[in-house]
Amino acid sequence: MAIAYEEKVNVVKSGENVVLVGNNNFNLTHIFDCGQAFRFNLKDGIWQGVAFGKILKCSQDGDHVIFYNITIEEFKAIWFRYFTLDINYGEIIKTISENKTFELATNFADGIRILRQDTWEALCSFIISQNNNIPRIKGIIDRLCESFGEEIESGIYTFPRAEKLAPLSVLDLAPLRAGFRAKYIIDAAKKIANGEVLPLSLTYLPYETAKENLMLIKGVGHKVADCTLLFGCGRFEAFPIDVWIKRVMASLFPDGLPECATEYAGIAQQYLFYYARMNNIK
DNA sequence: AGCCAGGGTCTGC
DNA sequence: GCAGACCATGGC
């Protein structure tokens, strides 16, 4: 009988920590530096961030990834899914590497995994990302969490719930210095809070329907909707087209994505984005 | 100093 | 459907 892929993932308890062992196509630096998540930062060799209301501290030494001060139960309940350890990246990489450019991109950006982030957090974060640069996106999100999130440890805050932001005005968001995006954040919060956009439904509705639903929100166009579906709903067929992908597609794939990359277009996109941006390929 | 940033809206064809 | 002005702010 075939063993489910997730049962091949080796996770062990070590003292107060949990350790992920083996070659899992897993690179913390690439995962957190590739522009998909904005709340993790490297401090003294340890990646620290918050997701789903929980603090996570982790580091990597080769084939060992250490998750500090958590139980196996918490790891399996939250982080296993967050880091998409149920997805066989070895197979995906093999498939898309049939194309030479994707072979280069997956070699350069090895260990990137698309995170399954909270839908609302991804939506709100990528609204903030529009016409913006990554350092400032992080700054605005930091101020958003400090201003409206809950303090779970000294100086560490959760991402505020949509219900918390829905009743606010643009003036209330002034401390974020989010500019023209403030009104979009509030509209998104309202539509999530009142159920016009249902995060759970976005994971199973047909792709086009889910995307149209998200685009009801002011300030959500094709790109932000696709980022929300890819990073916040586990929809790996979503293919966000930002300025980098647009340029690289025009220069490297004028006839569209190669067939081998279409099934996991979003994952292929992320390798390509990181590869192009880090090497300034236009 | 000035260009640009993981874009979207609005208007006018 | 496509092009262009405009949008706030600050990183580089």
Side-chain angles (χ1 to χ4, degrees), chain A residues 29-41 49 105 108-109 112-144 146-147 168-191 197 208 211-233 235-253 256-257 265-282:
Chain A
T29 299
H30 291 169
I31 288 169
F32 289 132
D33 267 351
C34 73
Q36 62 175 321
F38 304 101
R39 296 210 64 203
F40 276 83
N41 294 295
F108 174 81
I112 284 184
R113 308 179 69 90
I114 302 290
L115 298 169
R116 273 200 202 85
Q117 300 180 65
D118 175 71
T119 305
W120 154 245
E121 179 173 335
L123 167 62
C124 189
S125 297
F126 281 95
I127 285 173
I128 291 168
S129 80
Q130 70 170 261
N131 200 34
N132 212 342
N133 55 60
I134 290 175
R136 195 164 83 99
I137 295 164
K138 286 186 161 191
I140 293 170
I141 292 174
D142 282 347
R143 292 188 288 277
L144 175 69
E146 273 183 48
S147 303
L168 301 183
S169 68
V170 168
L171 208 57
D172 295 319
L173 297 191
L176 308 185
R177 305 197 297 280
F180 60 85
R181 306 164 191 84
K183 55 184 178 290
Y184 300 152
I185 295 170
I186 290 170
D187 191 61
K190 284 191 199 308
K191 288 189 167 69
V197 177
E208 291 295 345
K211 187 165 171 177
E212 284 169 17
N213 193 350
L214 278 166
M215 288 174 68
L216 294 174
I217 297 165
K218 289 181 197 130
V220 177
H222 292 276
K223 197 271 181 181
V224 172
D226 278 326
C227 283
T228 304
L229 290 170
L230 178 59
F231 303 122
C233 303
R235 299 296 294 258
F236 303 130
E237 72 269 47
F239 189 78
I241 300 176
D242 76 312
V243 289
W244 285 95
I245 293 296
K246 191 171 197 171
R247 283 191 297 244
V248 170
M249 286 301 291
S251 62
L252 302 180
F253 300 111
L257 268 188
I267 294 173
Q269 174 273 159
Q270 197 60 16
Y271 287 115
L272 196 58
F273 172 77
Y274 191 65
Y275 173 63
R277 196 166 67 90
M278 300 303 279
N279 294 295
N280 201 27
I281 297 170
K282 297 175 180 176

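Throughout, a chain's letter reflects where its sequence line sits, starting with A, and its residues are numbered from 1. Worth knowing before you read on, the calculation uses all heavy atoms, side chains too, and leaves out hydrogens, waters and symmetry mates.
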Per A/V243 side chain, nearest of listed nucleotides C/dT9, B/dA5, B/dG8: B/dA5
Sugar-phosphate, base or nothing in reach of A/G221, heavy atoms under 4.0 Å: sugar-phosphate
Distance in angstrom units between A/K282 NZ and B/dG6 C1', rounded: 14 Å
A/D172-A/S169 side chain donor-acceptor pair, cut-off 3.5 Å: yes
Shortest non-hydrogen contact between A/A37 and A/L115, atoms and distance: CB-CD1, 4.0 Å
Of A/R181 and A/V220, the one whose closest DNA chain B nucleotide lies more 5': A/R181
Nucleotide nearest A/Y184 when distance is taken to its side chain, options B/dT9, B/dG6, C/dT9: B/dT9
Interatomic distance, A/K218 NZ vs C/dC7 C1' [rounded to whole Å]: 16 Å
A/F126 and A/F38 aromatic centres sub-6.0 Å: yes
Nearest atoms (heavy-atom pairs only) where A/Q270 meets A/I114: CB-CD1, 3.5 Å
Distance between P atoms of B/dG6 and C/dC6 (Å, rounded): 24 Å
Separation of the P atoms in B/dC4 and C/dG4, to the nearest angstrom: 16 Å
Length of the line joining A/K138:NZ and C/dC12:C1', which is rounded to integer Å: 16 Å
Interatomic distance where CD1 belongs to A/I112 and P belongs to B/dG6 [whole Å]: 15 Å
Length of the CD1-P vector between A/I127 and C/dC7, whole Å: 21 Å
Ring-base stacking, A/W244 with B/dG6 (5.5 Å, 30° cut-offs): no
Touch class at under 4.0 angstrom, heavy-atom based, for A/F231 against every strand present: base
Length of the CD1-C1' vector between A/I134 and C/dG10, whole Å: 15 Å
Sugar-phosphate, base or nothing in reach of A/P135, heavy atoms under 4.0 Å: sugar-phosphate
Closest-nucleotide ordering on DNA chain C, the 5'-leading residue of A/N133 and A/F180: A/F180
Interatomic distance, A/F273 CZ vs B/dA5 C1' [rounded to whole Å]: 10 Å
Rounded distance (Å) that lies between atom C1' of B/dC4 and atom CG of A/N131: 8 Å
Side-chain donor/acceptor of A/R177 to base of C/dT9, under 3.5 Å: no
Separation between the P atoms of B/dT11 and C/dA8, rounded to whole Å: 15 Å
Sugar-phosphate only, base, or nothing, as touched by A/R277 at under 4.0 Å among non-hydrogen atoms: nothing
Distance, P atom - from B/dC3 to C/dA5, rounded to whole angstrom: 15 Å
Whichever of A/G219 and A/I245 has its nearest DNA chain B nucleotide further upstream toward 5': A/I245
Nearest-neighbour nucleotide for the A/V224 side chain, C/dA8, B/dG6, B/dG8 considered: B/dG8
Salt-bridge present (A/K246, A/D242; N to O < 4.0 Å): no
Test side chain to side chain contact (heavy atoms under 4.5 Å, CB included) applied to A/T228 and A/K211, step by step: CA-CA 9 Å; A/T228 304; A/K211 187 165 171 177; over 6 Å; no
Gap in Å between the two P atoms, one belonging to B/dG7 and one to C/dC12, rounded: 16 Å
